[in-house]
S.K.: 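First, the structure itself, so that you have it in front of you.
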Amino acid sequence: MKYVLVTGGVVSGLGKGVTASSIGVLLKACGLRVTSIKIDPYLNTDAGTMSPFEHGEVFVLDDGGEVDLDLGNYERFLDTTLTRDNNITTGKIYQSVINKERKGDYLGKTVQVVPHITDAIQEWIERVAIVPVDGKEGPADVCVIELGGTIGDIESMPFIEALGQFSYHVGSGNFLLIHVSLVPVLNVVGEQKTKPTQHSVRGLRGLGLTPNILACRSTKVYSSTEFPNFALEENVKAKLAQFCHVPAENILTLYDVPNIWHIPLLLRDQKAHEAILKGLNLLDNTYDNIYDDGCCKCLWFVGRILTCSVAREPDLEEWTARTKICDLLHSPVRIAMVGKYTGLSDAYLSVLKALLHASVACRRKLIVDWVAAGDLEDATAKEAPDAHKAAWDLLKGADGVLVPGGFGDRGVQGKILAAKYARENKIPYLGICLGMQIAVIEFARSVLNLPDANSTEFDPDTKNPCVIFMPEGSKTHMGGTMRLGSRRTYFKVADCKSAKLYGNVSFIDERHRHRYEVNPDMVSQLEKAGLLFVGKDETGSRMEIIELPNHPYFVGAQFHPEFKSRPGKPTALFLDKYSTTDEFKGSTNVGEFISKIHCHVTGLIAAACGNLATVLPSNGHVNKSHSNGISNGHLTPKTYQNGNVFKSSNGSVNGVYSNGNGNSNGVHRFRVSVGRYQLSRTCLRDEAGFCFEGRSLIFRRR
């Protein structure tokens, strides 16, 4: 196993998560299997109880883990399915050590930060790194580890010490450190300053870690010809190389780009993969003999050198094409995002990414109009009439309305007004989690004439509780007590929009995060009035999907479809057919690959563009889905309530496409050079060694 550690210096918010994800994409494009680990030094056990203002959205995994949003970047970039153990926190480490101490595992010992905490960190990393996350058998080739925070933070000291020990433990050639730092440009002097990075690297080296590669974030610099020049100047690279003890060719520039899909391409263009592969001894390995167990004799190549490489040049053709297509979009689609954290886009990061994936698939440029839910309320009309008018102007100018998940009663009335406007004016509407509950409350108030209809979350004494607290939930403990993770939803209405968007399957598996649900006692009353509950859980008593049949697109989902959206899912068919700008601009047919994009969000975008009929299959036939982990027509790991994930023995998770970035079943192209002769063969790697044309070869390093 090879390990790549990504650290950050000078300031927070430099983009370590995107950098780590992009490194993973680049290595995957070289034919390697990649897994990821995020280390968060805070004392919280997980991110579940944090406010979005603290760390952005809480990302939910299949096994119910509530984790940092960076794991969402890992899953989207690498098309993997991670587990809660891929997110390490100080709280988890200390909790595990204290549990061991209470059980007597350290009997007779004084439990200390070193070695017990540091050993626990190293053991956790090694244990999680070998767990496959791409649906294939066997461990990954490379584990990319991101250390959250900034070098020098006191809370990260045990992790830095542990990682220093870990680099020694795994040995040279198996551990590589990439340090993301800042090279600012002062407007007064107009030159790139290296001193912050120098101090950051000095602090890192003082803690026992030496960077192999520097990834320098820098602002735009304009040359004398008035054309933008983003790269670090050569004298700046030379200065950093001299003072940071990093080769100049290993100093990379990461400047601001139109969208983060450019970052893997930026790294590739600067030959980052070569530096990483060289540092991990994956570029070329040299051997002086081969044992062939087929004839039980040693084949000696006297006077010749045999070299082998399991990596290849990065194949990012489809990734590049998708990035260019995104940049060429010009016909807009406007979505009004009605929420309470509109001042912080990271609070809805996965929703934004899902909208982007869908808008690219529908060939539209996404424009998100942030509408503060509280500004839509009548009280704001009196207190701040300008803000009230501006909010309503944005809502009325949108092609579609999205109400995302959330907690608490702030802005609820504004969300209800947004749902009412979308319903009455036939504007495409998608409600996610709380957004679905909002739609039910609004329907009960307006159509059933129940003005006091509400959720017991907002009004515990309401006489018409449309939304109630789930019986199995805890009212005393907040962390990890919600209905979390992947749960199955069965379609109860064959000819509904949602079933068609999902490819006419009979059930789907989606991720949940909620502790309130639609009151099953009111379902029949709501359905008689015209609100259809087209998706339910396996018991039939928990409502999962709502639709209005006489509306162009009015859908609510109790689950979070955005958590499983991937940029690469529609790419295979999309780029083959629409590879040029002219074809791209004139095309509206997205039905042929609609099942590969995340359906509900795509349905919203398609409806907002007026193309929903194009993406819906013409028949209402529901395919029979099997109970062996097939979901949405794709293979998914079976997830159980206790959080355990059982991986399928073959295939890929969620029908993940490799985008040309990997080989299936551990197959690699293996280049063999003997003297001036070179052979290229396909080999299947397993625990015993390498199968070369059906025979096992054991290599001895020179």
Side-chain angles (χ1 to χ4, degrees), residues 1 3-4 17 20-21 24 28 33-40 42 44-48 55 57-93 95-96 99 120-148 350 479-488 509-513 559-560 562-566 629 631 634-656:
M1 175 65 69
Y3 300 89
V4 176
S21 302
K28 187 176 178 181
R33 293 174 60 194
V34 182
T35 186
S36 304
I37 293 176
K38 172 67 187 296
I39 298 175
D40 286 306
Y42 46 67
N44 303 65
T45 302
D46 57 38
H55 286 273
E57 75 169 3
V58 176
F59 191 81
V60 179
L61 303 171
D62 268 3
D63 67 355
E66 297 174 284
V67 296
D68 186 82
L69 59 82
D70 280 323
L71 274 81
N73 281 327
Y74 303 159
E75 284 202 344
R76 283 187 289 268
F77 270 55
L78 298 174
D79 280 338
T80 56
T81 301
L82 303 175
T83 70
R84 67 182 73 208
D85 287 344
N86 290 86
N87 190 198
I88 305 175
T89 68
T90 300
K92 287 181 179 179
I93 295 296
Q95 188 177 58
S96 67
N99 289 341
I121 293 169
Q122 296 177 68
E123 291 166 4
W124 193 301
I125 291 172
E126 286 191 299
R127 172 173 57 85
V128 174
I130 62 174
V131 177
V133 296
D134 55 2
K136 302 173 185 176
E137 294 289 350
D141 300 305
V142 182
C143 177
V144 179
I145 306 168
E146 178 193 350
L147 176 61
S350 291
T481 59
M482 288 185 279
R483 184 169 179 250
L484 294 165
S486 182
R487 309 292 177 124
R488 184 153 292 177
D509 291 330
E510 292 287 2
R511 299 178 184 180
H512 294 68
R513 185 176 185 250
F559 49 80
H560 288 265
E562 71 273 18
F563 289 144
K564 292 173 71 173
S565 179
R566 304 286 185 267
S631 172
H634 308 300
L635 191 65
T636 59
K638 296 180 182 179
T639 306
Y640 297 86
Q641 191 166 353
N642 61 7
N644 294 326
V645 177
F646 294 85
K647 186 179 64 61
S648 304
S649 61
N650 55 16
S652 60
V653 174
N654 295 331
V656 166

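Bear in mind that the values here come from a model prediction, so they are computed numbers and not experimental data.
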S.K.: Assess the residue pair N86 and I37 against the criterion (side-chain contact (heavy atoms from CB on, under 4.5 Å)); give the C-alpha distance rounded to whole Å, side-chain angles, the decisive distance to 0.1 Å, and a yes or no.
M.R.: CA-CA 5 Å; N86 290 86; I37 293 176; 4.2 Å; yes
S.K.: Do the non-hydrogen side-chain atoms of R513 and F59 ever get within less than 4.5 Å of each other?
M.R.: no
S.K.: If you round to the nearest 0.5 Å, how far is CG of D62 from CG of D509?
M.R.: 8.0 Å
S.K.: Distance from K92 atom NZ to T45 atom OG1, nearest 0.5 Å?
M.R.: 8.0 Å
S.K.: Closer than 3.5 angstrom, by distance alone: can the side chain of D40 be matched with the main-chain N or O of Y42 as a donor-acceptor pair?
M.R.: no
S.K.: How far apart are the C-alpha atoms of S21 and R76, what are their side-chain angles, what is the distance that settles it, and do they pass the side chain to side chain donor-acceptor pair (under 3.5 Å) test?
M.R.: CA-CA 9 Å; S21 302; R76 283 187 289 268; over 6 Å; no
S.K.: Yes or no on side-chain contact (heavy atoms from CB on, under 4.5 Å) for V133 and Y74, after CA distance, side-chain angles and deciding distance?
M.R.: CA-CA 11 Å; V133 296; Y74 303 159; over 6 Å; no
S.K.: Let me confirm one number: the CG-CZ distance from L61 to R511, rounded to the nearest 0.5 Å.
M.R.: 5.5 Å
S.K.: Roughly how far, to the nearest 0.5 Å, is the NE2 atom of H512 from the CG atom of L484?
M.R.: 10.5 Å
S.K.: Please step through side-chain contact (heavy atoms from CB on, under 4.5 Å) for the pair F559 and R483, ending with a clear verdict.
M.R.: CA-CA 10 Å; F559 49 80; R483 184 169 179 250; over 6 Å; no
S.K.: Is D134 salt-bridged to R33, going by a charged N under 4.0 Å from an acidic O?
M.R.: yes
S.K.: To the nearest 0.5 Å, tell me how far Q122 CD sits from I93 CD1.
M.R.: 10.5 Å
S.K.: If you look at every heavy atom in A20 and E146, which pair is closest and at what distance?
M.R.: CB-CB, 4.3 Å
S.K.: Considering non-hydrogen atoms only, spot the tightest contact between R566 and T80 and give its length.
M.R.: NH2-O, 3.4 Å
S.K.: In the structure I gave you, are the side-chain heavy atoms of H560 and S350 within less than 4.5 Å of one another anywhere?
M.R.: no
S.K.: Are K564 and E75 ion-paired here, with the side-chain N under 4.0 Å from a carboxylate O?
M.R.: no
S.K.: Between R84 and D46, is any pair of side-chain heavy atoms under 4.5 Å apart?
M.R.: no
S.K.: S36 and L78: side-chain contact (heavy atoms from CB on, under 4.5 Å), yes or no, with the steps?
M.R.: CA-CA 9 Å; S36 304; L78 298 174; 3.4 Å; yes
S.K.: Quick one: pull up OG1 in T35 and CG in L82 and give me the separation to the nearest 0.5 Å.
M.R.: 6.0 Å
S.K.: Using side-chain heavy atoms (C-beta onward) and a distance below 4.5 Å, is N44 in contact with T89?
M.R.: no
S.K.: With K38 as reference, evaluate L71, I145, V67 under the side chain to side chain contact (heavy atoms under 4.5 Å, CB included) test and give the passing residue.
M.R.: L71
S.K.: Can you name the closest pair of heavy atoms from P132 and G138 and give their distance?
M.R.: CB-O, 3.4 Å
